[in-house]
Number of protein chains: 2
Amino acid sequence: MTINEIAKMAGVSRATVSRYLNDGYVSKEKSERIKQVIDETGYTPSVSAKLLRSHRTNLIGVIIPKISSDSISRMISGISEILSKEDMQLMLACTQNDENEELKYLKTFNDNHVDGIILLGTIFTAAHKKLLKEMPTPVVILSQKLEGYSCIYSDDYHAAYSLGSHLAKTSKKVGMLMVSERDIAVGVNRRNGLLDSLKKGGVKVDPSCIRTTGFTMKSGYEQTEILLKEHPEIDTLICATDTIASGAIKCLHDKKISIPKQIQVTGFGDSSVSSAISPALTTVRFYYEEAGREAASILLKRIDGKEKSVIKEMQLAYDTVIRESTRV
Amino acid sequence: MTINEIAKMAGVSRATVSRYLNDGYVSKEKSERIKQVIDETGYTPSVSAKLLRSHRTNLIGVIIPKISSDSISRMISGISEILSKEDMQLMLACTQNDENEELKYLKTFNDNHVDGIILLGTIFTAAHKKLLKEMPTPVVILSQKLEGYSCIYSDDYHAAYSLGSHLAKTSKKVGMLMVSERDIAVGVNRRNGLLDSLKKGGVKVDPSCIRTTGFTMKSGYEQTEILLKEHPEIDTLICATDTIASGAIKCLHDKKISIPKQIQVTGFGDSSVSSAISPALTTVRFYYEEAGREAASILLKRIDGKEKSVIKEMQLAYDTVIRESTRV
DNA sequence: TGAATATGTGAAATCGTTCTCACATCTTCA
DNA sequence: TGAAGATGTGAGAACGATTTCACATATTCA
């Protein structure tokens, strides 16, 4: 079924059918004839043909590093809350933390003319910046800061600073399970916030007590083992994410080390696991849904062309959530 | 930049450029001229124009009920393992457990000519069946059984049966936190497998000890509270998923009920949370990655047209994983 | 009444590819 | 040598919509 056949059956030109489908600038009489034919035939316009001319899809591409992350899923729920109101659909692409996949999907989304892209990026390489610059599709960056782009990110430095200040009061020897410094938000900002606040609070952190882990429970478990072997006197273990912390806690359980009495443990993110484990994890809550909503709103504005050149940057609030895994 | 301009610049017809880009049936001399022009201009063919003619996208649509589920993320990792080998890309659509969203995305994927769809469905309504029948795009159903379609699903009945047989030995009074029976795999098959095996093992389950929960921790927590209020003598709590079980365990912790001494608890799925919590959860492991790989392989075969009409059904294996949350 | 404006319509161009077909040239082999 | 096959090429017709333009016809207003 094509628009031509519909036109023929309704006894009008295909332009009229097109108008009927779009702006509705059609007389009542023909309008009804067309409606009837469409109802009878179950015709739906070809998306690809439409795309070739008009380049509007009502689709938003969202690129995420991994599925199955609490923080990501919350950002996405914020995004879709806004977008579904505007009758736009979400296409997710998961890169499994692979930078090349990220580039590929960026390109795919652009080629397929999604109306906009939200990039939940992690690491930005030169290739990223080049591609982003070349792409006509509007992009909003979520959870990282990138110069020259609209981006929404949490204030990792101050969140970490605040947590560190709290912990400084009750810590003598601090161990840290951080992530790669290529990840600016999580790897650098959280680390710096912690180190600065601990220093201010009079706690010195031995560089060999800071270990780099992956974003997994397993990695948290393993690095905790190594850390404790080298520094058994540690009484505070600060983890870069809740997932890492839950691995650490599991390890401490297995070693019969009491939490928080012997070692207190903290995470970041207030993911669902943080309240599911025992002891419940002291952590930092970021306003992920809000971040998602903001990102989507900004993107929509740029798509509408209202704020094409305006680059908006936004830092989101945080709360420190004190639970059972810390002293005091 | 269009193929016409490239053709003009290279002094050939656009058909030749098209051949250069596709089958390569071009003389060496012209081939080089074209290559040079393309390199200079950075030309990339328009995906939408290509689509209008050829209807091949190298895209596979995957519809999931929610992001941030361990089982789903493992299936997806299985899927993408197979697809990335074939240079196909994955588009995810998340329905947030909304049937209408599921229909919408099914339609969107079909309209945008993805090469195939993997539907991680939950509930099939008449509207689903109608739409699926109308769509030309090949679909494989994952994790549920649907008559007339290729589907891969885990053997929930026997998995539950096996778990139930194990628990029957050490249980007197069983409570169950199940999910809606509209979800055949999780809501019906698991429940039946459990009830049949318990009966066989001589354990009668009072219908009022079976409660219906949502798929969340919160729901697990709340229903556990209600269940214990009504039936404090329960000594075994079987949950339909690990997530529900982790909510239940949290509740038991709060009530200072010892696990597994007073009440033993089990889940389904062997998600990462099941080993993160304490006590570590006895659960059933399904081969989710394998399921994903199978689904992708079958889909690819159907896309290649090799097995267009062949409907394949497949049940996947399971293991019972005994951990600390059960007696024995 | 006649000009200006609003309203509706269809023919034809356009979007940027792929694909079919006809045709040319070059090998190969009996 | 001449027919059959391989190899390479371009013209032009799809693919199925939107959009521009020109042209009716109906309405409004001085």
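What you see below is based on every heavy atom in this structure, not just the backbone, and it leaves out hydrogens, waters and symmetry mates. Here the structure is a predicted model, which is why all the values come from computation and not from measurement. So you know, we letter chains A, B, ... as the sequences are listed, proteins then strands, and number each from 1.
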Taking atom P of C/dA11 as reference, at what distance in whole Å does atom CG of A/Asn4 sit?
11 Å
A side-chain contact here means heavy atoms from C-beta on lying under 4.5 Å apart; do A/Ser48 and B/His55 qualify?
yes
Give the rounded distance in Å between these two atoms: CD of B/Glu5 and P of C/dC15.
10 Å
So, under a plain 3.5 Å distance rule, would you say the side chain of B/Arg53 forms a donor-acceptor pair with the base of C/dT18?
yes
Taking DNA chain C as the partner, which of residues 37-46 of chain B come within under 4.0 angstrom of it by heavy atom?
B/Tyr43, B/Pro45, B/Ser46
Any donor-acceptor N or O pair under 3.5 Å, side chains B/Gln144, B/Asp183
yes
Distance check needed: D/dT18 C1' versus A/Lys50 NZ, whole Å only.
10 Å
Given side chains that start at C-beta, do those of A/Ile67 and B/Ile64 come closer than 4.5 Å, heavy atoms only?
yes
Side-chain (B/Glu5) to main-chain (B/Thr2) donor-acceptor, under 3.5 angstrom
yes
Trace of the salt bridge (Lys or Arg N to Asp or Glu O under 4.0 Å) decision for A/Glu32 with A/Lys28
CA-CA 6 Å; A/Glu32 270 162 17; A/Lys28 205 171 176 187; 5.1 Å; no
Within the pair A/Thr2 and D/dG16, is there a side-chain N or O less than 4.0 Å away from OP1 or OP2?
no
What does the inter-axis angle of the helix from C/dT1-D/dA30 to C/dA30-D/dT1 come out as, five pairs per end, nearest 10 degrees?
40°
Over how many whole Å does the gap from B/Met1 atom CE to C/dT17 atom C1' extend?
16 Å
Give a yes or no on whether the backbone of A/Asn4 and the side-chain of A/Arg14 come within a donor-acceptor separation of less than 3.5 Å.
no
Side-chain donor-acceptor contact under 3.5 Å, B/Thr125 with B/Glu99
no
Least distance between heavy atoms, B/Ser80 atom then B/Leu90 atom
CB-CD2, 3.9 Å
Do A/Asn112 and A/Leu51 have side chains that get closer than 4.5 Å, going by heavy atoms?
no
Between CD1 of A/Ile79 and CG of A/Leu299, what distance do you get to the nearest 0.5 Å?
9.0 Å
For DNA chain D, the residues among residues 16-35 of chain B that have a non-hydrogen atom under 4.0 Å from it:
B/Thr16, B/Arg19, B/Tyr25, B/Val26, B/Ser27, B/Lys30
Output the rounded distance in Å from CD1 (A/Ile3) to C1' (C/dG10).
13 Å
On a heavy-atom basis, which atom in B/Ala317 and which in B/Tyr287 lie closest, and how many Å separate them?
O-CD1, 3.1 Å
Rounded to the Å, how far apart are B/Arg14 CZ and C/dC19 P?
14 Å
Let me know the distance between NE2 of A/His113 and P of C/dT17, rounded to the nearest Å.
10 Å
